[in-house]
Amino acid sequence: MSITLFDTHTHFDVPDFDQDRLQLAALAKKMGVEHLVLIGFIAERFQNLIACQKQLQQQPDVPKVHLAPGLHPFYIEQHQAEHLQQVEQFLQRENCVAIGEIGLDTFLKVHKQPDLFAKQQHYFAVQLELAQQYQKPVLLHIRKSHAEVLKMLKQHRFKHGGIAHAFSGGVEEAKAFIQLGFKIGVTGQISNPNAKKLHTVVQTIGAQHLVLETDCPDMTPLCCQLDQHSRTRNTPANLIYVLEALAKSLNVQQQDLAQILWRNSFAALAL
Ligand SMILES: [Zn+2]
């Protein structure tokens, strides 16, 4: 039996892949990746998401490509009111699986400043409203703001679930997202034995609440990194190594785990 995989979070549209995207897509398919999601972060690149999907749709033997437009909290300084309208137009014109990636990010000190944090909250709130209106799940980006994101999801009585991507919270936070209908997104970070918090989270909550993602071109699994000093480009073809590392962490068979994660991905994206 062959393994089928769903890469629930990629930036496969970015210029890092312009030279060899089709070869990498073919390789990903060969490595079991049947579906991938292209995720938005700034309005300026929305057309690239669509173009990337078109480029891949014309090819045989590549993963099926899904779209999720959204305005990422880390790029908050760049977002303008009209970009929210562009998210809505995108939802109206294209077949989208979700809105993403959206959320809150206070990793940088500057983003904790009241004006910028309020702007992040505003953009997150408006996009949550759009997700309610268009009945779409959301792909959440959360850094150092789990409590705030949970609070806003509850305030909005958000009911369409989605994925808490590249999860960096603890067990209690993971459980709270699961309770609100979310799956927990696991990246190549799981290949790092020192990522103790993440291993504890996945082992405690179990496979039924997890999905896989590469978050390419970032988050390259340890096994695929060429050296310790320079950043190695991650690609959807590396998703199998995320599965491998997660199976090891959970002490289960890759084949069995893949089947559960496959079903979880379809459930999280309401496909
Ligand atoms: Zn991302």
Side-chain angles (χ1 to χ4, degrees), residues 5-18 21 24-25 28 33 35-53 56 63 65-79 83 87 90 96-108 111 120 123-124 127-128 131 136-146 149 161-169 177 182-192 195 198 210-221 224 231-239 241-242 265 268-269:
L5 301 170
F6 200 132
D7 194 344
T8 62
H9 195 113
T10 80
H11 300 284
F12 200 38
D13 61 295
V14 298
D16 306 55
F17 299 113
D18 283 353
R21 185 175 293 108
L24 290 173
V33 181
H35 293 258
L36 63 83
V37 186
L38 290 177
I39 318 251
F41 53 102
I42 49 171
E44 199 181 291
R45 290 203 54 83
F46 284 175
Q47 284 310 314
N48 299 87
L49 293 179
I50 297 165
C52 178
Q53 186 194 43
L56 290 172
V65 175
H66 304 274
L67 297 173
L71 302 173
H72 190 307
F74 188 75
Y75 302 94
I76 194 63
E77 286 102 327
Q78 297 182 45
H79 304 327
H83 298 162
V87 172
F90 199 130
C96 299
V97 284
I99 295 183
E101 53 190 291
I102 63 172
L104 301 172
D105 186 331
T106 60
F107 180 72
L108 296 182
H111 288 158
Q120 281 193 359
Y123 277 73
F124 183 34
Q127 292 179 98
L128 276 181
K136 300 288 181 190
V138 293
L139 307 174
L140 296 175
H141 172 100
I142 315 150
R143 265 203 306 184
K144 299 207 179 287
S145 52
H146 290 84
V149 168
I163 297 168
H165 131 78
F167 194 73
S168 59
F177 280 100
F182 285 82
K183 302 289 185 208
I184 303 298
V186 179
T187 68
Q189 285 174 316
I190 195 69
S191 66
N192 183 353
L198 181 59
L210 305 175
V211 295
L212 295 180
E213 55 171 294
T214 56
D215 197 20
C216 66
D218 301 321
M219 305 278 191
T220 309
C224 313
R231 169 176 166 272
T232 305
R233 180 183 64 159
N234 196 10
T235 88
N238 290 338
L239 194 63
Y241 302 110
V242 185
S265 308
L269 298 169

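All values derive from a computational prediction rather than experimental measurement. Just so it is clear, the values below take in all heavy atoms, side chains as well, and ignore hydrogens, waters and symmetry mates. Ligands are counted one by one from 1 in listed order, and the atoms in each one are counted from 1 as well.
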Checklist entry - Should we say atom CZ of Phe46 is surrounded by more than 12 heavy atoms from elsewhere, each under 6.0 Å from it? => result yes
Next on the checklist: In the structure I gave you, are the side-chain heavy atoms of Glu101 and His9 within less than 4.5 Å of one another anywhere?
Outcome noted: yes
Checklist entry - So does Arg21 pair up with Asp13, basic N to acidic O under 4.0 Å? => result no
Checklist outcome for this item: Among N, O or S atoms, Asp215 approaches the Zn ion (ligand 1) most closely through OD1
Checklist entry - Looking at the rings of Phe90 and His83, which for Trp means the six-membered one, are their centres under 6.0 Å apart? => result no
Checklist entry - Any N/O/S atom, backbone or side chain, of His141 lying under 2.8 Å from the Zn ion (ligand 1)? => result no
Next on the checklist: Among the N, O or S atoms of Glu101, which one sits nearest to the Zn ion (ligand 1)?
Outcome noted: OE2
Checklist entry - Please state the angle at the Zn ion (ligand 1) spanned by NE2 of His11 and NE2 of His9: what is it, rounded to 10 degrees? => result 110°
